[in-house]
Number of protein chains: 4
Amino acid sequence: MIEDVRRAQIIESAIETFAEVGYSGTSLARIAERAGISKGVISYHFAGKDELMEQLVDQVYREITGFVAPRVERESTAAGRLRARLRSVAEYVQGHRSQLLALAEVFNNLRDANDQLRYGETFNEPIYQSQEAMLRAGQDSGELRDFDARVMAVTVQAAIDAMIAYWGAYPEHDIAAHAEQLADLFENGIRAHHAGQETDR
Amino acid sequence: MIEDVRRAQIIESAIETFAEVGYSGTSLARIAERAGISKGVISYHFAGKDELMEQLVDQVYREITGFVAPRVERESTAAGRLRARLRSVAEYVQGHRSQLLALAEVFNNLRDANDQLRYGETFNEPIYQSQEAMLRAGQDSGELRDFDARVMAVTVQAAIDAMIAYWGAYPEHDIAAHAEQLADLFENGIRAHHAGQETDR
Amino acid sequence: MIEDVRRAQIIESAIETFAEVGYSGTSLARIAERAGISKGVISYHFAGKDELMEQLVDQVYREITGFVAPRVERESTAAGRLRARLRSVAEYVQGHRSQLLALAEVFNNLRDANDQLRYGETFNEPIYQSQEAMLRAGQDSGELRDFDARVMAVTVQAAIDAMIAYWGAYPEHDIAAHAEQLADLFENGIRAHHAGQETDR
Amino acid sequence: MIEDVRRAQIIESAIETFAEVGYSGTSLARIAERAGISKGVISYHFAGKDELMEQLVDQVYREITGFVAPRVERESTAAGRLRARLRSVAEYVQGHRSQLLALAEVFNNLRDANDQLRYGETFNEPIYQSQEAMLRAGQDSGELRDFDARVMAVTVQAAIDAMIAYWGAYPEHDIAAHAEQLADLFENGIRAHHAGQETDR
DNA sequence: CATGAATGAGGCTTCATTCAT
DNA sequence: CATGAATGAAGCCTCATTCAT
């Protein structure tokens, strides 16, 4: 009810604040100010700043996954799935710029009591593993050449993040074309060598 | 003389602190404590925390460039230069883990008075441009296929950063092999299609 | 009706909270939480935290007095009344541990707008005076020796409070035996000297 | 050096604040204000509010013990030692009113992370034990009658604390006379019966 | 009669920076 | 050249209280 509305409003305000002034510039006071509410309200709805950030990550993460996953699953070949992933991320990201920037801020900075990153590489494990499985299936079917699937999974993710970050810095950058370029790169880079195939674009 | 020694000592201490506890966990007090000096000394030798961080970036950046650049210039083909870059970065990084982690922290967080990232994508411009020039030369010579050189430059840089970050999280990861995998990926991904060449490894 | 039930429930919850976490650890939120009610309810039934505490004192005080007074009045000699008082307090206290601890917390900490203790020594005045009257009667009848009745009244009260506090800290302590020891002490300490001993002063 | 001077000044200011406005009314801001220093200074010289309070207790405790102990040790009989203790406490307390009130505030309120009193009855153990030893020696020598030495030790301490508290509330009260009255009470109350009286139990 | 939501003051602490010595 | 002391802003959090529903 009202509870959920407020929490959503606060998270939305936090997203915009992180996106605009970065992790260390984001205080509860600033979030509250942007939301037009009193400072204490955030502490009322969230156990603390950390919980707010974790919920932010949860929400944004769920949203983007909910958008991308079905579009990927529609494809059957490894190359097709990879291209679908790149395209759908690029598509989703348009209109959700702040969300992605905020996600990156929290990702790269939130630490636990032992100074370890709360969302470190270990948080990416599930993604890496599903990506690896997909790539290995492509290798087994003969579609893809031999390579280290873990390295490739890490690199695909890095290419996506960089695409988002670059577009974050240069909003006029054509992110859809960027995604196609990446798909071409990986398609050429990992397919099995026999005769010269062509990309679908 | 003493001046320079002190500054170097402070920067060294700052590097280790950033690497260990991250950007928001790094205070002047903590840097001073690790260096075994008084808090005030830092303010005496640097105009402020910002200047310290800028000098840190300058120093680390100069070091890594000084290591990588000559190894790249020794090569003549685009593929060779790219592989040399990947290899030499991977080589340099071993033994300079803290430096690279600290560099990333400052890179991703330091902002100016207008909340703009001090080292944003614009800081990468020189790298992108030199990389682009190299790639275009490869395209002109017929070595490389047609693609967006800017996107490729961004992606190469991202792949390198991710390699470092992954190795930062999993120190037992074989970063040298990782670099070769990346070289293979890009070599296959961007060379001109005629007959099937082989990578050198 | 319901009104009174709620007030009693809240006071009961406050008693246990004070007893457990002390004065400064007791917040309305904590009291409400223990009572299983909403925070606002307390403010609805009491003018404020201060009034709640005053009612708590009133209630506990009335209870203990209602238990002790008739048992004291049954006795006729000063020594008998004193022993009756000590015994009945010790008896009452068993089964009302939290009440007494809570009473002490509020007693020692609640202050008015001028930072004066709300229940200071002045609150003990009625007790002191009744005790003094009883002791003076014993002196007049020749049962008790000469001494400062006010000092003795203060000391008796202090001995009782310490007995309760000690037993509060060591629940296995035999409080009934403690009460008898105190009665012996005072009986020997204040009765008239039939063989004339002298103090060293 | 300056360090010690400041710490002493802050503790002194804390003592007066506790004495005046009580435990819950004492904030670091108020202490700093009274000391005429900036809020942050306290955090600079003490790890936190808790450490400040512990040092306060240490200091006051050491002072009072240093005054009382030699005066007690000068005496040889149990009655003499007890009277010496009562007299010297009463003497010391005059001129150190705030110290004693502050000590009581911290004593009765400071709690650890588990809500247990930092200075509970257990803190009094050493006092109780030394007092007990003294009383038992008196019983062994035939000077004192049979009684529970622990109960008596607790009661003596309580009588002293009450004397201080009463005088704290009524500064015109004659605390020296009060101490003599207490000494008389205990002397009569615990000495061996040469003419054999009996208690009623 | 009860509640959950909101407020704003105040508490403790950390921090970058300044300054006298 | 170095230090320790001090500052005051800002951060997060808790709290008693108010209020619309």
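Numbers restart at 1 for each chain; the letters A, B, ... are given by sequence-line order, proteins then strands.
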To the nearest Å, how far apart are [X] [atom1] and [N] [atom2]?
X        : N      : atom1 : atom2 : result
D:Glu51  : E:dC12 : CD    : P     : 15 Å
C:Ile42  : E:dG4  : CD1   : P     : 13 Å
C:Arg7   : E:dC1  : CZ    : P     : 12 Å
D:Glu3   : F:dG4  : CD    : P     : 10 Å
A:Leu110 : F:dC12 : CG    : C1'   : 15 Å
D:Phe46  : E:dT14 : CZ    : C1'   : 18 Å
A:Arg30  : F:dC12 : CZ    : C1'   : 16 Å
B:Ile31  : E:dT14 : CD1   : P     : 17 Å

**OP:** For DNA chain F, just give me the dot-bracket, please: Watson-Crick or G-U, both distances below 3.5 Å, ( ) intra-strand, [ ] crossing earlier pairs, | paired with another strand, . unpaired.
**Re:** .||||||||||||||||||||
Original post:
Counting just side-chain N and O atoms, does D:Arg6 come under 4.0 Å of either OP1 or OP2 of F:dA6?
Top reply: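 So the side chain of D:Arg6 is within the cut-off, an N or O lying under 4.0 Å from OP1 or OP2 of F:dA6.
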Original post:
Between E:dG4 and A:His45, is there an OP1 or OP2 to side-chain N/O distance shorter than 4.0 Å?
Top reply: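 Checking E:dG4 against A:His45, no side-chain N or O comes under 4.0 Å of OP1 or OP2.
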**OP:** Take A:Asn109 and B:Glu105 through the side chain to side chain contact (heavy atoms under 4.5 Å, CB included) test and state the conclusion after the steps.
**Re:** CA-CA 9 Å; A:Asn109 288 288; B:Glu105 291 294 327; 4.1 Å; yes
**OP:** Specify whether C:Phe107 and C:Phe123 have parallel, tilted or perpendicular ring planes, treating 30° as the upper limit for parallel and 60° as the lower limit for perpendicular.
**Re:**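 Taking C:Phe123 first and then C:Phe107, their aromatic rings stand perpendicular (interplane angle over 60°).
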Original post:
Does D:Lys39 pair with D:Glu33 as a salt bridge, N-O distance under 4.0 Å?
Top reply: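 The answer is no: the pair does not qualify as a salt bridge.
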**OP:** Find out whether C:Arg111 and C:Tyr119 are in side-chain contact, i.e. whether some heavy atom of one side chain is under 4.5 Å from a heavy atom of the other.
**Re:**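 No, their side chains stay 4.5 Å or more apart.
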**OP:** Please tell me which of A:Val41 and B:Thr26 maps to the more 5' nucleotide of DNA chain E, matching each residue to the nucleotide holding its nearest heavy atom.
**Re:**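 Its nucleotide being nearer the 5' end, the pick is A:Val41.
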Under-3.5 Å N/O pairs linking protein and nucleotides 17-21 of chain E:
unit_1, atom_1, unit_2, atom_2, d
E:dT17, OP2, B:Lys49, N, 3.0

Subject >> Exam field: side chain D:Gln116 to backbone D:Asp112, donor-acceptor pair closer than 3.5 Å >> reply: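 No, D:Gln116 side chain to D:Asp112 backbone: no donor-acceptor pair under 3.5 Å.
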Subject >> Worked check of side-chain hydrogen bond (donor to acceptor under 3.5 Å, both in side chains) between B:Ser13 and B:Arg34 >> reply: CA-CA 6 Å; B:Ser13 179; B:Arg34 185 188 289 266; 4.7 Å; no
Original post:
Do A:Leu103 and A:Val57 pass the side chain to side chain contact (heavy atoms under 4.5 Å, CB included) test, and can you show the C-alpha distance, the side-chain angles, and the key distance before you say yes or no?
Top reply: CA-CA 6 Å; A:Leu103 190 66; A:Val57 169; 4.1 Å; yes
**OP:** Establish, yes or no, whether the cationic atom of B:Arg7 lies under 6.0 Å from the six-membered ring centre of B:Phe46 and within 45° of the ring axis.
**Re:**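 Ring-cation test returns yes.
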Subject >> Check against side chain to side chain contact (heavy atoms under 4.5 Å, CB included), A:Gln59 and A:Gln99 >> reply: CA-CA 10 Å; A:Gln59 177 182 308; A:Gln99 276 86 341; over 6 Å; no
Original post:
Start at the 5' end of DNA chain F and walk down; is the nucleotide closest to C:Gly25 or to A:Gly25 reached first?
Top reply: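 On the 5' side of the pair lies A:Gly25.
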Original post:
Taking the side chain of B:Ser27 as its heavy atoms from C-beta onward, which of F:dA6, E:dC15, F:dA2 lies nearest to it?
Top reply: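 For B:Ser27, the side-chain atoms sit closest to E:dC15.
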